[in-house]
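Right, one structure below, let's go through it.
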Amino acid sequence: MDWSSIFIYDTTWSFAAEIVIRVVVMFTMIILFLRFTGKRGVRQLSIFELTIILSLGSIAGDPMFTKDLPLIQAVLIMSIVIALYRSCTWLMMKYQPFEDLLEGTSLYIVEEGVLILEKIELGQMSHDEFFSEMRMQGIEHLGQVRVGLLETNGDFSILLYPRDEVRYGLPLFPKQYQSVTQIDSGDYYACMYCGHVDKPSALKELCSRCHNKCIGWAKAMNNVIIR
Ligand SMILES: [Zn+2]
């Protein structure tokens with residue numbers, strides 16, 4: 001194996017010096033570019049913003065070490081991308097349908113303590129995903145949640161019920177999110193698929209909201225949120 005070809009190949013001292021200049025220039029360009037997007041910082045990206053970052057990725061990095069890639073081309077491309085980004089954000093502000101197309105729309109996942117089924121059935125969300133989102137916000141069961149909205153950037157907005165309006169709901173933590181093995185009459189149980197709370201008379205009774213999708217009953221909880 002030719003180690004020098006792996007690590008050095010045809011690198012000369014003069015090209016190493018050129019790399020230093022290239023990196024400094026491109027580094028500055030990237031910072032300027034990101035400042036021009038007008039964003040305050042990056043936490044979670046929408047699909048549209050991710051597209052910008054992806055198209056920026058190789059054009060920002062390649063000129064740092066590619067000999068026959070003049071920096072002016074990189075600067076030109078970055079300027080075009082930033083112009084596109086600014087025009088798109090302007091159009092999105094003007095025309096709502098355009099924004100929906102590029103950014104997607106926010107989705108209701110929970111309303112009045114139960115899961116909104118259509119969204120889950122479309123495969124846009126999995127139980128695990130939003131259960132963990134809600135758990136991280138200190139929510140123990142769905143009966144505490146009035147509204148759960150999935151934002152276009154992947155964030156979760158949650159409105160809670162006030163203490164005295166907390167109802168019975170589906171537990172979200174793994175130890176309580178368990179199918180019961182017997183039904184005690186008079187107790188509240190939550191459908192493990194849709195979160196509907198009922199007093200089923202038998203274990204094999206199906207949920208009256210999602211019917212045959214019902215995957216079992218978990219013991220419903222109604223404790224209030226502690227903060
Ligand atoms: Zn159900």
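Along the sequence shown, residues are numbered consecutively beginning with 1. We count ligands from 1, going down the list as the structure has it; atoms in each ligand are counted the same way. Please read these numbers as outputs of a predicted model, since none were measured by experiment.
- For the salt bridge (charged side-chain N to carboxylate O under 4.0 Å, His left out) test, residues two or more places apart in sequence or in another chain that qualify with Arg22 are Glu18.
- If you chain together ILVMFWY residues whose side-chain heavy atoms come under 4.5 Å of each other, Trp3 ends up grouped with Met1, Ile6, Phe7, Ile8.
- At least one donor-acceptor pair under 3.5 Å links the side chain of Tyr177 to the backbone N or O of Met192.
- For Asp187, the salt bridge (charged side-chain N to carboxylate O under 4.0 Å, His left out) test picks out Lys219, with sequence neighbours left out.
- Under a cut-off of 6.0 angstrom, the local environment of OH in Tyr95 is sparse, with at most 12 non-hydrogen atoms contributed by other residues, nucleotides or ligands.
- Atoms of the protein (N, O or S only) found under 2.8 Å from the Zn ion (ligand 1) are Cys191 SG, Cys194 SG, Cys207 SG, Cys210 SG.
- Looking at Tyr161, its side chain never comes within 3.5 Å of a backbone N or O of Val224 through a donor-acceptor pair.
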